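Structure record follows, encoded as structure tokens.
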Amino acid sequence: MKIVEANGLGLRTRRGWVYRDVDLSAEAGELHAVTGPPGSGRTSLLLALAGRFPHTHGELRRRGPAALGQVAGVHEPDPTLTVAEHIQERLLLLGPVPRRRRQLVPVAAVRARRAYRRDAFAAAIAGAGFTDAPLDPDRYGRDLTPVERQVLGLVLASLSGPNLIVADDVDAGADAPERAWIWAALSRLADQGYAVVASARAVEPGAPAITHRIGDPALPGPALVAPRAAVEADLTPEVTA
């Protein structure tokens with residue numbers, strides 16, 4: 001089942017192209033990687049796929065809800081909360097899965113949301129398939145390493161039982177063993193039935209990801225702005241008639 005499908009997707013602002021001509025079709029159970037250099041529009045593309053940022057060109061279709069993992073400057077841990085508190089807060093906000101939706105939400109997510117009063121951290125970690133995760137429940141958001149931020153973001157994203165999970169810059173600040181672990185973790189999420197789209201500078205050798213490279217130097221240069229910077233600078237997307 002196709003979860004997200006982009007055809008000729010592009011975003012053009014007054015400063016030029018952020019990304020352009022992207023074709024991507026992700027099914028349930030697939031892991032996709034968007035690669036490219038910094039400034040190639042990876043973050044803007046991921047947010048567009050998740051329905052959190054506009055596009056000006058092409059077509060985008062998405063089936064069911066999407067959830068964000070770690071996206072720097074857009075969706076990050078609260079520095080004053082511990083890992084366990086992040087999970088407890090998210091579960092309380094989500095509440096129990098309504099009976100009418102239980103067949104649409106992964107069993108692991110349903111179990112985690114039922115268990116929030118007993119052991120939210122353990123249930124959430126197990127539900128995401130991350131029992132080997134390098135994550136301390138008592139560690140504060142401000143002290144998390146880049147990889148720990150990614151892990152927490154993916155765990156929180158999985159709790160809502162979305163169809164699509166996106167995570168940005170998954171290899172940022174990680175050494176080789178950490179990169180191998182995070183790609184294996186993303187693959188485990190896909191194996192649970194999620195469509196997973198992650199951005200990175202490169203994909204680890206052996207990672208079972210379908211790769212899409214953007215920011216081809218042969219194309220006109222992109223507008224080197226992140227989504228938040230674009231909003232602050234009032235870079236309204238250029239819409240053509």
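Being a predicted model, the structure only gives us computed values, none of them experimental.
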Please answer whether the main-chain N or O of [Y] pairs with a side-chain N or O of [X] as donor and acceptor at a distance below 3.5 Å.
| X | Y | answer |
| --- | --- | --- |
| N7 | D23 | no |
| S44 | G41 | no |
| Q192 | A128 | yes |
| R20 | G10 | no |
| E30 | A209 | no |
| T56 | R12 | yes |
| E178 | D175 | yes |
| R142 | P79 | yes |

I'd like to check [X] versus [Y] (side-chain heavy atoms, cut-off strictly below 4.5 Å). Are they in contact?
| X | Y | value |
| --- | --- | --- |
| L49 | R62 | no |
| Q70 | L152 | no |
| H212 | S199 | no |
| L154 | I182 | yes |
| L135 | F130 | no |
| T145 | R139 | yes |

Other residues, nucleotides, ligands: >12 heavy atoms within 6.0 Å of R201 CZ: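 Open: at most 12 neighbouring heavy atoms sit under 6.0 Å from CZ of R201.
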Step through the shown structure and confirm whether more than 12 heavy atoms of other residues, nucleotides or ligands are within 6.0 Å of CZ on R63.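 No - once you tally the heavy atoms of other residues, nucleotides and ligands closer than 6.0 Å, there are 12 at most.
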Check H57, H55, R42 against Y19 for a side chain to side chain contact (heavy atoms under 4.5 Å, CB included) and give me the one that passes.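 Considering H57, H55, R42, a side chain to side chain contact (heavy atoms under 4.5 Å, CB included) with Y19 is found only for H55.
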Inter-residue atom distance [X].[atom1] - [Y].[atom2], 0.5 Å rounding:
| X | Y | atom1 | atom2 | result |
| --- | --- | --- | --- | --- |
| I165 | I3 | CD1 | CD1 | 11.5 Å |
| R188 | L31 | CZ | CG | 12.0 Å |
| L47 | L11 | CG | CG | 10.5 Å |
| D132 | W181 | CG | CH2 | 5.5 Å |
| E85 | D78 | CD | CG | 9.0 Å |
| L92 | I87 | CG | CD1 | 12.0 Å |

For [X] and [Y], which heavy atoms make the closest approach, and how far apart are they?
| X | Y | result |
| --- | --- | --- |
| E148 | P134 | CG-O, 3.2 Å |
| A195 | A26 | CB-CB, 4.4 Å |
| P65 | P162 | O-CB, 3.6 Å |
| Y194 | L189 | CD1-O, 3.2 Å |
| S160 | A67 | OG-CB, 4.0 Å |
| P77 | R149 | CD-NH1, 3.5 Å |

Steps toward side-chain contact (heavy atoms from CB on, under 4.5 Å) verdict (V170, L186): CA-CA 10 Å; V170 296; L186 291 166; 4.2 Å; yes
So if you build clusters from Ile, Leu, Val, Met, Phe, Trp, Tyr with side-chain heavy-atom gaps below 4.5 Å, do [X] and [Y] land together?
| X | Y | value |
| --- | --- | --- |
| L24 | M1 | yes |
| L93 | V83 | no |
| V147 | Y140 | no |
| V197 | L60 | yes |
| L81 | L159 | no |

Decide side-chain hydrogen bond (donor to acceptor under 3.5 Å, both in side chains) for T82 and D138; before the verdict, give the C-alpha distance in whole Å, the side-chain angles of both, and the deciding distance to 0.1 Å. CA-CA 5 Å; T82 66; D138 298 320; 5.5 Å; no
